[in-house]
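Computed over heavy atoms, backbone and side chain alike; hydrogens, waters and symmetry mates excluded.
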Amino acid sequence: MKTVSAIKLVNTNDPVYNKLTVGEGGNRTPTDRSVLRLATSIGNCNLLEYRPILVWKEDKRKENYLIIDGQTRYLACRELKIPFYMQEI
């Protein structure tokens with residue numbers, strides 16, 4: 001079996017940390033309430049390593065990514081100023 005993409009830990013000082021774009025269209029727009037509820041849950045029991053944020057690289061020459069799955073997790077992590085895991089698909 002071949003590994004297609006690896007899960008990466010993105011620390012708060014990583015340039016990619018603030019370069020993810022919250023997607024529109026097929027996904028629900030995260031509400032402030034949903035971000036706050038998830039941030040509280042993550043603060044109590046951080047299981048982020050088991051659910052990486054799935055991203056698609058928008059521009060092959062730049063480090064700009066579109067979030068496919070995990071918009072609320074991403075915003076909650078930014079709110080808490082904690083690292084998160086991401087996987088490019």
Side-chain angles (χ1 to χ4, degrees):
M1 186 180 317
K2 179 182 175 184
T3 301
V4 179
S5 66
I7 296 173
K8 301 172 187 169
L9 176 63
V10 181
N11 288 303
T12 56
N13 61 348
D14 191 311
V16 173
Y17 192 85
N18 292 307
K19 288 193 175 182
L20 300 185
T21 303
V22 176
E24 296 179 8
N27 293 310
R28 293 180 301 237
T29 303
T31 63
D32 291 342
R33 181 179 174 175
S34 64
V35 172
L36 179 60
R37 288 180 68 199
L38 185 56
T40 301
S41 176
I42 291 169
N44 291 333
C45 183
N46 185 342
L47 299 174
L48 292 171
E49 66 185 290
Y50 302 108
R51 289 292 308 260
I53 296 167
L54 301 180
V55 299
W56 177 72
K57 197 167 193 177
E58 293 185 276
D59 186 339
K60 297 295 180 191
R61 295 166 285 157
K62 298 180 182 176
E63 294 293 312
N64 295 332
Y65 296 91
L66 175 67
I67 299 174
I68 304 301
D69 181 57
Q71 293 90 337
T72 308
R73 273 176 274 147
Y74 171 65
L75 295 172
C77 289
R78 285 188 49 191
E79 183 75 26
L80 295 168
K81 296 176 178 57
I82 62 171
F84 58 85
Y85 293 86
M86 76 175 212
Q87 183 174 16
E88 186 178 343
I89 57 171

Trainee: Is the number of heavy atoms from other residues, nucleotides or ligands under 6.0 Å of Asn13 CG greater than 12?
Mentor: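 Above 12, so yes.
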
Trainee: Got a second to check how far Tyr17's OH is from Met86's CE, nearest 0.5 Å?
Mentor: 13.0 Å

Trainee: Tell me the closest heavy-atom pair linking Pro30 and Thr72, and the distance in Å.
Mentor: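 Minimum heavy-atom separation between Pro30 and Thr72: CB-OG1, 3.5 Å.
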
Trainee: Tell me, do Ile67 and Ile53 make a side-chain contact under 4.5 Å, heavy atoms counted?
Mentor: yes

Trainee: Run the numbers on Val10 and Leu20 for side chain to side chain contact (heavy atoms under 4.5 Å, CB included), then give the verdict.
Mentor: CA-CA 11 Å; Val10 181; Leu20 300 185; over 6 Å; no

Trainee: Fit a plane to each ring of Tyr74 and Phe84, take the angle between them on a 0 to 90° scale, and name the class: parallel (under 30°), tilted (30 to 60°) or perpendicular (over 60°).
Mentor: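 It falls in the perpendicular class, over 60°.
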
Trainee: Show the nearest heavy-atom pair for residues Arg51 and Arg73, with the distance to one decimal.
Mentor: O-NH1, 2.7 Å

Trainee: Closest heavy-atom contact between Gln71 and Val22?
Mentor: CG-CG1, 3.4 Å

Trainee: Please give me the minimum heavy-atom distance between Leu48 and Ile82, naming the atom from each residue.
Mentor: CD1-CD1, 3.9 Å

Trainee: Indicate if Leu54 and Leu66 have the same hydrophobic cluster label, given that clusters are the connected sets of ILVMFWY residues with side-chain heavy-atom separations under 4.5 angstrom.
Mentor: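 Linked, Leu54 and Leu66 end up in one cluster.
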
Trainee: Testing the basics here: between Leu9 and Pro83, what is the closest heavy-atom pair and its distance to 0.1 Å?
Mentor: CD1-CB, 3.8 Å

Trainee: Taking side chain as C-beta onward, heavy atoms only, is Asp69 less than 4.5 Å from Ile89?
Mentor: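 With C-beta onward as the side chain, the pair stays apart.
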
Trainee: In the structure I gave you, are the side-chain heavy atoms of Glu79 and Leu36 within less than 4.5 Å of one another anywhere?
Mentor: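 Result no, sub-4.5 Å side-chain heavy-atom pair not found.
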
